[in-house]
Amino acid sequence: MDHRFVGIPELTDVPRVAVVIDVMRAFTVAAWAFSRGVERIVLASTESEALALKESHSGWLALKDGAPAAGFDAVNSPGLLRSRDFAGRTLVQKTTAGTVGALAVADAPLVLCASFVVAGPTARFLRTEDAGPVTFVVTGEGGRAEEDLACAEYIAQRMTGGDDVEAGPYLHRARTSGAAADLAAGRRSGCHPDDVELCLETDRFPFAMVARQEDSLTVLRPVEVPETSAAPRSR
């Protein structure tokens with residue numbers, strides 16, 4: 001199957017099916033947020049938009065990259081998020097790469113956001129949907145981030161090879177990436193010592209994450225994907 005692997009700057013048209021990859025850390029964090037009870041994630045284009053959305057909707061929370069800042073309730077770290085209770089809440093997320101990539105393809109008929117923690121369910125969802133060729137948006141480093149490219153290629157292989165595809169070589173590429181080195185060395189603010197390992201857990205969660213337009217907003221929701229070929233259903 002002739003998939004495309006492109007960076008955000010290389011997006012010149014609206015793909016039919018897009019899978020936006022941000023392993024370290026936006027879409028690992030999004031998956032953890034859903035596991036901690038978040039009902040939906042609204043993707044914001046700027047930090048000021050994220051705060052404005054939070055302030056105009058009672059009970060909404062906001063999350064950003066980097067160090068904690070006034071008005072934001074969380075930062076882009078799975079290690080710092082995993083003990084939080086977000087039951088029933090809406091979370092507005094703004095990050096440097098992941099949310100930018102998702103918003104760049106928001107008009108596509110089918111958009112999924114992914115990382116290793118939801119790789120298998122994402123591949124099964126695409127198989128169930130008979131998605132055909134996929135445009136994988138590699139968000140980090142202008143499309144050159146090794147951890148994102150490895151995850152994209154892993155999902156593409158699992159679309160055809162199923163659960164028999166060996167994750168090890170792809171995880172090794174991610175583990176030895178520049179982003180992993182920066183996180184491990186504490187060179188990125190708003191991180192936790194466990195972030196790298198949490199980003200490299202394959203199939204930690206049983207859902208894919210689908211982005212759709214809702215009332216002029218780009219909204220990410222978890223979609224449970226059974227191990228069988230039964231149709232996926234929204235959670």
Side-chain angles (χ1 to χ4, degrees), residues 3-8 11 14-36 38-45 50 63-65 74 76-78 81 86 90-126 128-129 131 134-140 143 145 147-156 158-159 174 179 198-214 217-225 232 234-235:
H3 302 303
R4 289 197 302 161
F5 301 85
V6 301
I8 298 171
L11 288 166
V14 178
R16 191 178 72 83
V17 180
V19 177
V20 187
I21 307 292
D22 190 329
V23 172
M24 297 182 184
R25 295 164 278 171
F27 297 139
T28 300
V29 164
W32 269 99
F34 287 131
S35 79
R36 302 306 302 161
V38 163
E39 180 179 327
R40 64 177 187 167
I41 295 175
V42 176
L43 305 181
S45 58
L63 176 151
K64 64 180 282 292
D65 265 338
N76 195 39
S77 162
L81 205 71
F86 295 125
T90 292
L91 180 66
V92 184
Q93 184 182 33
K94 166 66 179 86
T95 68
T96 305
T99 60
V100 174
L103 291 170
V105 294
D107 291 333
L110 178 59
V111 180
L112 288 88
C113 297
S115 61
F116 280 108
V117 295
V118 293
T122 301
R124 292 198 303 274
F125 182 97
L126 292 164
T128 302
E129 293 289 305
V134 173
T135 295
F136 288 92
V137 183
V138 179
T139 60
E147 73 281 3
D148 292 343
L149 183 58
C151 184
E153 292 176 354
Y154 177 58
I155 292 171
R158 288 200 55 176
M159 286 180 66
L198 292 173
C199 289
L200 297 178
E201 290 184 315
T202 306
D203 301 350
R204 168 93 190 208
F205 304 112
F207 51 79
M209 300 187 295
V210 180
R212 298 186 176 96
Q213 298 302 298
E214 300 182 16
L217 299 174
T218 301
V219 177
L220 191 63
R221 292 183 184 270
V223 177
E224 294 180 14
V225 185
S234 296
R235 189 175 78 181

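- Between Val210 and the choices Leu220, Val223, Thr122, Val111, the side chain to side chain contact (heavy atoms under 4.5 Å, CB included) rule is met once, by Val223.
- Shown are Asn76, Thr99, Thr95; of these, the side-chain hydrogen bond (donor to acceptor under 3.5 Å, both in side chains) with Asp65 is made only by Asn76.
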Would Thr139 and Ile21 count as a side-chain contact (heavy atoms from CB on, under 4.5 Å) here? Give the steps.
CA-CA 6 Å; Thr139 60; Ile21 307 292; 5.6 Å; no

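- The shortest side-chain heavy-atom distance between Phe207 and Phe34 falls under the 4.5 Å cut-off.
- Inter-residue side-chain proximity for Lys64 and Val92 is flagged as unmet; no heavy-atom pair is nearer than 4.5 Å.
- Across all non-hydrogen atoms, the minimal contact from Arg16 to Pro109 is O-CD, 3.3 Å.
- Side chains of Val6 and Thr135 form a contact here, defined as non-hydrogen atoms less than 4.5 Å apart.
- Expressed to the nearest 0.5 Å, how far CZ of Phe86 lies from OG of Ser35 amounts to 10.0 Å.
- Scanning all heavy atoms of the two residues, the minimum distance from Gly101 to Val20 falls at C-CG1, 3.8 Å.
- Smallest separation of non-hydrogen atoms from Lys94 and Val100: NZ-CG2, 4.3 Å.
- In this structure, the side chains of Arg25 and Cys199 come closer than 4.5 Å at one or more pairs of heavy atoms.
- Residues Gln213 and Thr218 have side chains that bring a donor and an acceptor to within less than 3.5 angstrom of each other.
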Between Leu110 and Leu112, is a side-chain contact (heavy atoms from CB on, under 4.5 Å) present by the stated rule, with each step listed?
CA-CA 7 Å; Leu110 178 59; Leu112 288 88; 3.7 Å; yes

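- When all heavy atoms of Ala174 and Met24 are compared, the closest pair comes out as O-CE, 3.8 Å.
- Across Ala26 and Gly98, no two heavy atoms sit closer than the pair CB-CA, 4.1 Å.
- Salt-bridge annotation for Asp203 and Arg124: absent, with no side-chain N of the basic residue lying under 4.0 Å from a carboxylate O of the acidic one.
- With rounding to the nearest 0.5 angstrom, the CD atom of Glu129 is 10.5 Å from the CE atom of Met159.
- Considering only heavy atoms from C-beta on, Pro15 comes within 4.5 Å of Val105 through its side chain.
- Rounded to the nearest 0.5 Å, atoms CG (Asp22) and SG (Cys151) are 10.0 Å apart.
- Going from atom CZ of Arg221 over to atom CZ of Arg212 covers 9.0 Å, rounded to the nearest 0.5 Å.
- In this structure, Ile155 CD1 and His3 NE2 are separated by 10.5 Å, a value rounded to the nearest 0.5 Å.
- No side-chain heavy atom of Val42 sits less than 4.5 Å from a side-chain heavy atom of Gln93.
- Note that CD of Glu201 is 6.0 Å distant from CH2 of Trp32, once rounded to the nearest 0.5 Å.
- Residues Ile8 and Val137 meet the side-chain proximity criterion, which asks for heavy atoms closer than 4.5 Å.
- When each of Asp148, Val117, Val138 is tested with Val23 by the rule side chain to side chain contact (heavy atoms under 4.5 Å, CB included), just one qualifies, namely Asp148.
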May I have the step-by-step check of side-chain contact (heavy atoms from CB on, under 4.5 Å) for Thr28 and Phe116, ending in yes or no?
CA-CA 7 Å; Thr28 300; Phe116 280 108; over 6 Å; no

Check step by step if side-chain contact (heavy atoms from CB on, under 4.5 Å) holds for Thr202 and Arg204.
CA-CA 6 Å; Thr202 306; Arg204 168 93 190 208; over 6 Å; no

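- Closest approach of Leu198 to Pro78, counting heavy atoms only: CD1-C, 3.8 Å.
- Considering only heavy atoms from C-beta on, Val118 stays 4.5 Å or farther from Phe27 through its side chain.
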